[in-house]
2 protein chains.
Amino acid sequence: MIGDRLKKLRDKHTQEDIAQYLGISRSRYSHYENERSEPDNKTLNKLADFFDVSTDYLLGREGECDTKKNKTKHQTELIPPLLDSFFQELKEAPKEQQELLIKFWDIIKSEYSIKNN
Amino acid sequence: MIGDRLKKLRDKHTQEDIAQYLGISRSRYSHYENERSEPDNKTLNKLADFFDVSTDYLLGREGECDTKKNKTKHQTELIPPLLDSFFQELKEAPKEQQELLIKFWDIIKSEYSIKNN
DNA sequence: TAACTAAGAAATTCTTAGCCC
DNA sequence: GGGCTAAGAATTTCTTAGTTA
């Protein structure tokens, strides 16, 4: 049940994408889709956030009708979900961590501009 | 979170009552209320059925005062200019660079969570 | 009686490594 | 690359027995 719904929701994303977002290994996420193990409550919450559905839907308590809404929403989104959830996370992170990351960003930028000159 | 909600919902019932309905031991249900362990998905479903609430409610995704939504909105309004321009830049950057940065982000997160555990 | 907890047993999950397509 | 799985390590849960109020 939950496996089918995850598969459907994931759509064009790779399992790797979702796993990275969740901060778990690829195979762990694979287990969820194949129902070899089930996500704990925290992971369940994250999955619902990422796919923008209810946990009731993920757990099979709600029918299909809500799915279409979500699909439409995803398809019309301009920011890729992975980047979007990354932004959400970063916004809520401690300032110290934000600043550190922006420093890394500056390094990445300058490295790439050197390569291309 | 889930513990508080279970306690509230149980109301006049004893833990024994609920445990019997779920077909589990008394102390196991007690652990759920005290958040020493968390119900698996099947038990979560049964609990939602018994109390006639959504799993989203049990997991704290819906609430009395809908704190999550308010919080998100508030924080969205308060994106510091530095972070905002960083987002703009990142959105338009090559995927390769985006992915590299997100990897750095994962490292930062895990470093900080180690410190705080 | 009702609820909570310690501690170890029991069960599940998670990761790595390797496999297939 | 993308997804799946075996197997053991790691973690969590679950039960019993005992404690508290």
Side-chain angles (χ1 to χ4, degrees), chain A residues 1-51 55 58-60 71 74-75 80-83 85-86, chain B residues 1-51 55 58-60 94-103 105-107 109-111 113-117:
Chain A
M1 184 80 261
I2 187 177
D4 299 325
R5 303 219 153 166
L6 288 176
K7 280 178 189 169
K8 219 178 251 179
L9 287 166
R10 180 162 58 86
D11 201 37
K12 297 279 158 54
H13 297 289
T14 66
Q15 293 185 338
E16 173 73 38
D17 285 341
I18 316 296
Q20 221 161 54
Y21 166 75
L22 297 170
I24 65 178
S25 68
R26 200 177 353 155
S27 74
R28 179 170 160 190
Y29 176 78
S30 173
H31 286 332
Y32 296 157
E33 285 197 359
N34 295 290
E35 291 180 35
R36 284 165 159 267
S37 66
E38 55 183 35
D40 57 24
N41 294 350
K42 192 179 127 214
T43 308
L44 204 56
N45 267 321
K46 280 194 187 173
L47 283 166
D49 283 340
F50 183 80
F51 291 126
T55 55
L58 289 179
L59 293 171
K71 263 208 176 141
H74 262 271
Q75 281 162 359
L82 185 64
L83 208 57
S85 56
F86 163 67
Chain B
M1 185 80 262
I2 188 176
D4 300 325
R5 303 218 154 168
L6 287 176
K7 280 178 188 167
K8 214 177 254 180
L9 287 165
R10 181 161 59 85
D11 200 37
K12 298 278 157 53
H13 295 98
T14 66
Q15 293 185 338
E16 173 73 37
D17 287 340
I18 316 295
Q20 222 157 50
Y21 166 77
L22 297 170
I24 65 177
S25 69
R26 206 180 343 163
S27 74
R28 180 171 158 189
Y29 176 77
S30 173
H31 285 333
Y32 296 157
E33 284 196 358
N34 295 291
E35 292 179 36
R36 285 163 159 267
S37 66
E38 56 183 35
D40 56 24
N41 294 351
K42 193 179 125 212
T43 309
L44 203 57
N45 268 321
K46 279 193 186 173
L47 283 165
D49 284 340
F50 184 82
F51 292 126
T55 56
L58 289 179
L59 294 171
K95 194 156 192 286
E96 192 185 355
Q97 293 181 33
Q98 295 176 343
E99 282 169 354
L100 183 55
L101 191 74
I102 291 177
K103 278 181 194 158
W105 179 237
D106 288 334
I107 294 167
K109 274 192 298 183
S110 63
E111 279 300 311
S113 70
I114 288 165
K115 271 190 193 169
N116 301 327
N117 281 347

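In what follows, every chain begins at residue 1, and chains take the letters A, B, ... in the order their sequences are listed.
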What is the distance from [atom1] of [X] to [atom2] of [N], rounded to the nearest Å?
| X | N | atom1 | atom2 | result |
| --- | --- | --- | --- | --- |
| I24(B) | dA11(C) | CD1 | P | 16 Å |
| L6(B) | dC4(C) | CG | P | 12 Å |
| E35(B) | dA3(C) | CD | P | 17 Å |
| E16(A) | dG1(D) | CD | C1' | 10 Å |
| H31(A) | dA6(D) | NE2 | P | 9 Å |
| K12(B) | dA3(C) | NZ | C1' | 17 Å |
| K42(A) | dC14(C) | NZ | C1' | 13 Å |
| H13(A) | dG2(D) | NE2 | C1' | 15 Å |

When you compare the side chain of N41(B) with that of T55(B), does any pair of heavy atoms fall below 4.5 Å?
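No. Closest side-chain heavy atoms not under 4.5 Å.
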
Pairwise side-chain contact, F51(B) with I18(B), heavy-atom cut-off 4.5 Å (strictly under):
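When only atoms from C-beta onward are counted, I18(B) and F51(B) do touch, with a gap below 4.5 Å.
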
Just to confirm, is there a sub-4.0 Å distance from OP1 or OP2 of [N] to any side-chain nitrogen or oxygen of [X]?
| X | N | result |
| --- | --- | --- |
| Y32(A) | dC14(C) | yes |
| R36(B) | dT12(D) | no |
| R28(A) | dT16(C) | no |
| S25(A) | dC14(C) | no |
| T14(B) | dA2(C) | no |

For the side chain of [X], counting heavy atoms from C-beta on, which of [options] is nearest?
| X | options | value |
| --- | --- | --- |
| D40(A) | dT16(D), dC14(C), dA3(C) | dC14(C) |
| S37(B) | dT13(D), dT13(C), dT5(C) | dT13(D) |
| S30(A) | dC4(D), dC14(D), dA17(D) | dC4(D) |

Given E33(B), which of R26(B), R5(B), R10(B), R28(B) fulfils the salt bridge (Lys or Arg N to Asp or Glu O under 4.0 Å) condition?
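For E33(B), the salt bridge (Lys or Arg N to Asp or Glu O under 4.0 Å) test succeeds with only one of R26(B), R5(B), R10(B), R28(B), which is R10(B).
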
Closest approach of E38(B) and D40(A), non-hydrogen atoms and distance?
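Where E38(B) meets D40(A) most closely, the heavy atoms are OE2-CB, 3.0 Å.
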
Could you tell me whether the side chain of T14(B) and the main chain of D17(B) form a donor-acceptor pair under 3.5 Å?
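Answer holds: yes.
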
Which part of the nucleic acid, if any, lies within contact of R26(A), taking any heavy atom under 4.0 Å across all strands shown: a base, the sugar-phosphate backbone alone, or nothing?
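Counting heavy atoms under 4.0 Å across all strands, the contact made by R26(A) includes a base.
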
